[in-house]
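Right, one structure below, let's go through it.
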Amino acid sequence: MNLTLLTDLYQLTMAYGYWKTGNYNQRAVFHLYFRKSPFGSHFAIAAGLQQAVEYLENLHFETEEIQYLASLRGADKRPLFDESFLNKLQRFKFDCDVWAMPEGTVVFPNEPMMRIEGPLWQAQLVETALLNILNFQTLIATKAARVVAAAKGDSVIEFGLRRAQGTDGALTASRAAYIGGCIGTSNVLAGYKFGIPIRGTHAHAWVMSFDDEQASFEAYAAAMPNNCIFLVDTYNTIEGIKKAIAVGQNLRENGHKLLGLRLDSGDLCALSIAARKLLDDANMHDTNIVASNDLDEYEITRLKEAGAKINIWGVGTKLVTSYDQPALGGVYKLAALQDKNGHWQYKVKRSEDLVKTSLPGIQQVVRFFEKTNTAFPSSDLIINTPIDEHFQTNVLDNTPHELLLQAIFKKGKRVYDIPTIAEIRTKTSKNHAIFSPLPHYKVEIDPVLTELRQKLLLC
């Protein structure tokens, strides 16, 4: 899908300005990063790279889009863009180098998730869409990882389609939630597009469409004996549980089994305890108890600490909308420009608020590992790659490490093989298991880079 016009107008007006001043092909470096971790955590889970790659690979202006841009007018009612500039846009081909952290990587504040190097106007043009794609999916993947961690080994299913922020928000939320650790989604289109397992049985409307609750369970069992999780709280929950168990016994006699009971209202802790006892008394020890109803990591933690007997959690609204933090707040900042002689001129954004002062240079993130066990990271370091030859020679060659930013595009051509969503999900799980117990993790800026920033700020 061509998303070239998924941008803020000022990206195009700046591109036009670069073209008018003649420096549009000046080589530039931008970094995409976030300043503060979401949800009061100390890291996030990188996600959205596949969609970012697809966006960049399909970046071009259609004739109809050029015609639309030609129709735009300035305050004097004259065309906003010259025809010659629009002709250039129609011939445009993406020609940048791109490095990025693979999806599922644990990333900390101020670490570049992506580095874009190429003609100034092109590197500027892609800012808005890349932020839109990476900010949202990183946020949801991080939220999902937190929910999954709270479930402590129980399964978590994403149920948020009907409450998501539009169709694209629903699809990318389902994808990011699966990357973050959910075992599946109720979203059939997400299952089709991304290969995510889909889960679901029936709603209250199914039960209400029958004169009798037990008859509704019996009819569903007759229709789909291999997919029976009964929603038991339409009327009286305890009675609903008993009726579901009766139908479950008939299923068992016919070679099937009751997969689960779903609780969607009331005191989920007390009801799950009662349901577990009734199921166990009926020798249905392997029947699951599924809970939904505005769950998040905090409510799951509370219920588990209270002794709830729930072992599958359906999490919807508060996951796919990132209810307690609606945005990640990632930024995209210019860090270097190449002069006519090929020398890099490093750039820094000044601010009275130190956290908003950007880092200059052409950056890489190095993750160091314990020498005795390379499975466990020990620290991260943000370095300036062109000027850190001494650092790279004396440290990187002798210490177990990983360079987190990997080459994705070279001169506009993809050089990166996109992993499967299952591989990304596994990477997330391994990374989160390592980092989540750590109360603190050492992330530093290389002293050479710190000195460079300070020098530029004093200019």
Side-chain angles (χ1 to χ4, degrees), residues 37-48 102-108 136-161 163-164 170-187 190-191 194-200 229 260 262-263 268 272 288-306 308-325 328 419-439 441:
S37 295
F39 314 114
S41 182
H42 60 295
F43 62 81
I45 304 293
E103 294 186 272
T105 301
V106 165
V107 55
F108 295 87
F136 182 67
Q137 289 204 50
T138 297
L139 185 71
I140 302 302
T142 306
K143 182 69 171 179
R146 289 169 57 83
V147 171
V148 169
K152 297 186 182 299
D154 295 342
S155 296
V156 177
I157 304 171
E158 178 266 306
F159 275 179
L161 173 57
R163 303 282 178 78
L171 283 172
T172 53
S174 293
R175 181 182 185 275
Y178 186 66
I179 287 172
C182 293
I183 67 162
T185 178
S186 65
N187 186 338
F194 304 126
I196 304 170
I198 57 174
R199 298 286 188 270
I229 298 177
R262 180 157 75 95
L263 305 170
L268 296 180
S272 69
N288 296 299
I289 298 177
V290 185
S292 49
N293 190 26
D294 285 339
L295 298 173
D296 60 12
E297 65 269 43
Y298 307 107
E299 182 64 5
I300 290 172
T301 297
R302 185 192 72 79
L303 287 166
K304 290 186 75 69
E305 290 177 349
K309 299 299 182 181
I310 299 159
N311 61 322
I312 299 179
W313 306 85
V315 186
T317 304
K318 292 186 177 181
L319 171 55
V320 302
T321 66
S322 187
Y323 198 80
D324 50 332
Q325 181 167 335
L328 178 63
T420 67
I421 195 168
E423 290 170 336
I424 297 168
R425 185 173 179 272
T426 298
K427 181 181 181 71
T428 299
S429 178
K430 290 179 178 178
N431 273 269
H432 195 260
I434 291 170
F435 283 95
S436 57
L438 302 176
Y441 182 77

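The first residue of the sequence shown is numbered 1, and numbering continues consecutively from there.
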Would you call I183 and I157 a side-chain contact if the rule is heavy atoms closer than 4.5 Å?
yes
Minimum-distance pair of heavy atoms, taken over all atoms of I424 and P419
CG1-CG, 3.7 Å
Give a yes or no on whether the backbone of I179 and the side-chain of T428 come within a donor-acceptor separation of less than 3.5 Å.
yes
So, are R175 and E103 salt-bridged, with charged N and O less than 4.0 Å apart?
yes
I'd like to know if the side chain of D296 reaches the main chain of Y298, judged simply by a donor and an acceptor atom lying under 3.5 Å from each other, with no hydrogens or angles considered.
yes
Under the 3.5 angstrom rule, does the side chain of E158 hit a backbone N or O of A177 as a donor-acceptor pair?
no
Find out whether Y178 and P197 are in side-chain contact, i.e. whether some heavy atom of one side chain is under 4.5 Å from a heavy atom of the other.
yes
Would you say NZ of K427 has more than 12 non-hydrogen atoms from neighbouring residues, nucleotides or ligands within 6.0 angstrom?
yes
Short side-chain to backbone donor-acceptor contact, E305 and R302, under 3.5 Å
no
Could you tell me whether the side chain of S155 and the main chain of I312 form a donor-acceptor pair under 3.5 Å?
no
Counting only N and O atoms by type, is there a donor-acceptor contact under 3.5 Å from the side chain of T321 to the main-chain atoms of T317?
yes
Any sub-3.5 Å donor-acceptor pair from H432's side-chain atoms to G104's backbone N or O?
no
Taking everything shown except F39 itself, do over 12 heavy atoms lie less than 6.0 Å from its CZ?
yes
Contact summary for G160 and S186, nearest pair of heavy atoms:
N-OG, 4.5 Å
Examine the side chains of Q137 and T172 and answer whether a donor and an acceptor come within less than 3.5 Å of each other.
no
With no hydrogens and no angle check, do the side chains of S292 and R262 hold a donor and an acceptor under 3.5 Å apart?
yes
Residues D154 and N311: side-chain donor-acceptor under 3.5 angstrom:
no
Please report the shortest heavy-atom distance between F435 and H42, naming the atom on each side.
O-NE2, 3.7 Å
Side-chain (T142) to main-chain (A44) donor-acceptor, under 3.5 angstrom:
no
What orientation do F108 and F43 show, parallel under 30°, tilted 30 to 60°, or perpendicular over 60°?
perpendicular
Test log, rule side chain to side chain contact (heavy atoms under 4.5 Å, CB included), inputs I229 and V290:
CA-CA 8 Å; I229 298 177; V290 185; 4.2 Å; yes
I'd like to check C182 versus V315 (side-chain heavy atoms, cut-off strictly below 4.5 Å). Are they in contact?
no
The single option from I310, I300, I289 that satisfies side chain to side chain contact (heavy atoms under 4.5 Å, CB included) with L268 is I310
Salt bridge (charged side-chain N to carboxylate O under 4.0 Å, His left out) with E297: which of K304, K318, R146?
R146
Grab the two heavy atoms, one from G184 and one from I196, that are nearest each other, plus how far apart they are.
CA-CG2, 4.1 Å
Can you name the closest pair of heavy atoms from A173 and I140 and give their distance?
O-CG2, 3.6 Å
Evaluation steps, side chain to side chain contact (heavy atoms under 4.5 Å, CB included), between W313 and L303
CA-CA 11 Å; W313 306 85; L303 287 166; 3.6 Å; yes
Using every non-hydrogen atom in the two residues, find where P38 and L139 come nearest and quote the distance to one decimal.
CB-CD1, 3.8 Å
Please round to the nearest 0.5 Å and tell me the distance separating atom CG of N431 and atom OG of S429.
9.0 Å
Non-hydrogen side-chain atoms of F194 and T185 separated by less than 4.5 Å
no
Tell me whether T105 contacts the main-chain N or O of V107 through its side chain, where contact means a donor paired with an acceptor under 3.5 Å.
no
Kindly compute the distance separating OG1 (T138) from CD1 (I45), expressed to the nearest 0.5 Å.
9.0 Å
Kindly determine whether L161 and S174 satisfy side chain to side chain contact (heavy atoms under 4.5 Å, CB included), including the steps that lead there.
CA-CA 8 Å; L161 173 57; S174 293; 5.8 Å; no
May I ask you to test the F159-N187 pair for a side-chain heavy-atom distance under 4.5 Å?
no
